[in-house]
Amino acid sequence: MLLNAFEMANTECRLCGLKSPAAQLLTSQELEALEFNCAQINFKKGEIVFREGTFATNITYLKSGLVKIHMKGPARDKILRIMKSPSYLGLPTTFGEKVNHYSATALTDTQICFISLDTLRDFIFKNGGFAYENILELCRNELKDYQRYTNMSQKLLPGRLADILLCMSHELFNSNKFELPINYNELSDFISTSRESVSRLLGEFCKEGIISINKKELTILKEDILEKISLKG
DNA sequence: GCATTAACCACAG
DNA sequence: CTGTGGTTAATGC
């Protein structure tokens with residue numbers, strides 16, 4: 001029984017093929033510590049990983065799948081980011097506050113590892129490479145967010161929509177053809193508009209041959225025009 | 001004034 | 001969940 005538990009531990013974090021860039025810098029002792037202080041939980045599409053307003057007890061690591069980060073606004077939900085793996089979720093809200101300031105919801109079936117806050121804090125104190133990788137990620141994300149939020153607040157609707165489509169194509173899927181990970185209502189929560197406007201505008205983009213949509217699959221046909229629309233605002 | 005943009009409502013597949 | 005039409009308010013020439 002003891003042996004069994006030990007073997008299980010062995011097959012967890014140390015041999016994990018989906019480590020974060022930061023976790024790749026952990027020593028084998030640290031990985032062993034990680035194994036005893038984390039639990040992988042799989043979520044189905046639509047399930048909530050952690051919820052705004054509840055106690056933040058763990059860091060969550062997105063091992064595979066897509067997750068939306070969103071928070072309640074005065075009027076409606078606001079999607080802040082869509083995260084792909086590998087990525088830690090909720091570092092700011094878990095380290096910075098006791099209570100989650102935003103929610104994370106699975107957009108696809110996902111594998112999530114819950115890691116105890118103390119363990120992660122310990123790594124940060126003791127392993128500079130690990131800490132640096134995490135800071136790097138936080139910095140990159142902050143810059144991207146600032147960029148996106150200034151764009152979102154100053155561009156007209158067509159520019160915002162073009163932006164988000166290009167962003168998904170370039171940063172999320174690395175392809176001109178992808179399955180929309182969110183419905184039109186969520187899309188409107190992302191670019192601060194109404195569901196109807198998203199519907200109308202995507203329809204127009206299709207009519208003009210800039211994109212094509214069947215079912216949920218979206219193809220960007222004329223990226224150059226989309227870029228122009230994005231720039232023009 | 002007149003045009004444009006886009007939200008809100010209603011209702012239908 | 002999505003598509004459309006009507007209405008309305010704000011903003012810009």
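Throughout, protein chains are lettered first and strands after them, A, B, ... in sequence-line order, and every chain is numbered starting at 1.
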A.B. asks: To the nearest Å, how far apart are A:R195 CZ and B:dA6 P?
C.D. replies: 17 Å
A.B. asks: Please work out if A:K216 contacts a base, only the sugar-phosphate, or nothing of the nucleic acid, heavy-atom cut-off 4.0 Å.
C.D. replies: sugar-phosphate
A.B. asks: State which of B:dC8, B:dA7, C:dC1 makes the closest approach to the side chain of A:N183.
C.D. replies: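 Among B:dC8, B:dA7, C:dC1, the one nearest the side chain of A:N183 is C:dC1.
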A.B. asks: Would you indicate what A:S199 reaches in the nucleic acid, counting non-hydrogen atoms under 4.0 angstrom: base, sugar-phosphate, or nothing?
C.D. replies: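 Result for A:S199 = base.
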A.B. asks: Specify the separation, in whole Å, of atom CD of A:E179 and atom P of C:dC1.
C.D. replies: 15 Å
A.B. asks: Whole angstrom is fine here: how far is it from CG in A:L157 over to P in B:dT4?
C.D. replies: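 Taking CG of A:L157 and P of B:dT4, I get 17 Å after rounding.
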A.B. asks: Could you work out, with side-chain hydrogen bond (donor to acceptor under 3.5 Å, both in side chains) as the rule, every residue matching A:K19, not counting sequence neighbours?
C.D. replies: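 Result, side-chain hydrogen bond (donor to acceptor under 3.5 Å, both in side chains) vs A:K19: none returned.
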A.B. asks: Could you state the atom-to-atom distance from CG of A:D189 to P of C:dC1 in whole Å?
C.D. replies: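 Going from CG in A:D189 over to P in C:dC1 covers 11 Å.
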A.B. asks: For nucleotides 5-13 of chain C, just jot down a letter per nucleotide in 5' to 3' order: B, S or -, based on protein non-hydrogen atoms under 4.0 Å.
C.D. replies: BB-------
A.B. asks: Looking only at the side chain of A:P158 (C-beta and beyond, no hydrogens), which of the listed nucleotides B:dC8, B:dA6, B:dA7 gets closest?
C.D. replies: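 Looking only at heavy atoms from C-beta outward on A:P158, the closest nucleotide is B:dA6.
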A.B. asks: Using atom CG of A:L201 as one end and atom P of B:dA6 as the other, report the distance to the nearest whole Å.
C.D. replies: 8 Å
A.B. asks: Return the value, rounded to whole Å, for the distance between atom CG of A:L202 and atom P of C:dT2.
C.D. replies: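 Checked: the CG to P distance equals 10 Å.
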A.B. asks: Angle class for the A:F130/A:F123 ring planes (parallel below 30°, perpendicular above 60°, tilted otherwise)?
C.D. replies: perpendicular
A.B. asks: B:dA6 P sits how many Å from A:Y184 OH, rounded?
C.D. replies: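 Nearest whole value for this atom pair: 18 Å.
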A.B. asks: Partners of A:D109 by salt bridge (Lys or Arg N to Asp or Glu O under 4.0 Å), sequence neighbours excluded?
C.D. replies: none
A.B. asks: Can you list everything that forms a side-chain hydrogen bond (donor to acceptor under 3.5 Å, both in side chains) with A:K126? Sequence neighbours excluded, please.
C.D. replies: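 If we apply the side-chain hydrogen bond (donor to acceptor under 3.5 Å, both in side chains) test to A:K126, skipping adjacent residues, the hits are A:D122.
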A.B. asks: Under the rule for salt bridge (Lys or Arg N to Asp or Glu O under 4.0 Å), what residues qualify as partners of A:E217, not counting sequence neighbours?
C.D. replies: A:K177
A.B. asks: Does A:N100 offer a backbone N or O that forms a donor-acceptor pair with the side chain of A:R51 under 3.5 Å?
C.D. replies: no
A.B. asks: Verify the contact: side-chain N or O of A:S197 to OP1 or OP2 of B:dA6, cut-off strictly under 4.0 Å; return yes or no.
C.D. replies: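 The answer is no; no side-chain N or O of A:S197 sits under 4.0 Å from OP1 or OP2.
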A.B. asks: In whole angstrom, give the distance that lies between atom CG of A:N185 and atom P of B:dA7.
C.D. replies: 13 Å
A.B. asks: Could you work out, with side-chain hydrogen bond (donor to acceptor under 3.5 Å, both in side chains) as the rule, every residue matching A:E133, not counting sequence neighbours?
C.D. replies: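 Counting only residues at least two positions away or on another chain, A:E133 forms no side-chain hydrogen bond (donor to acceptor under 3.5 Å, both in side chains).
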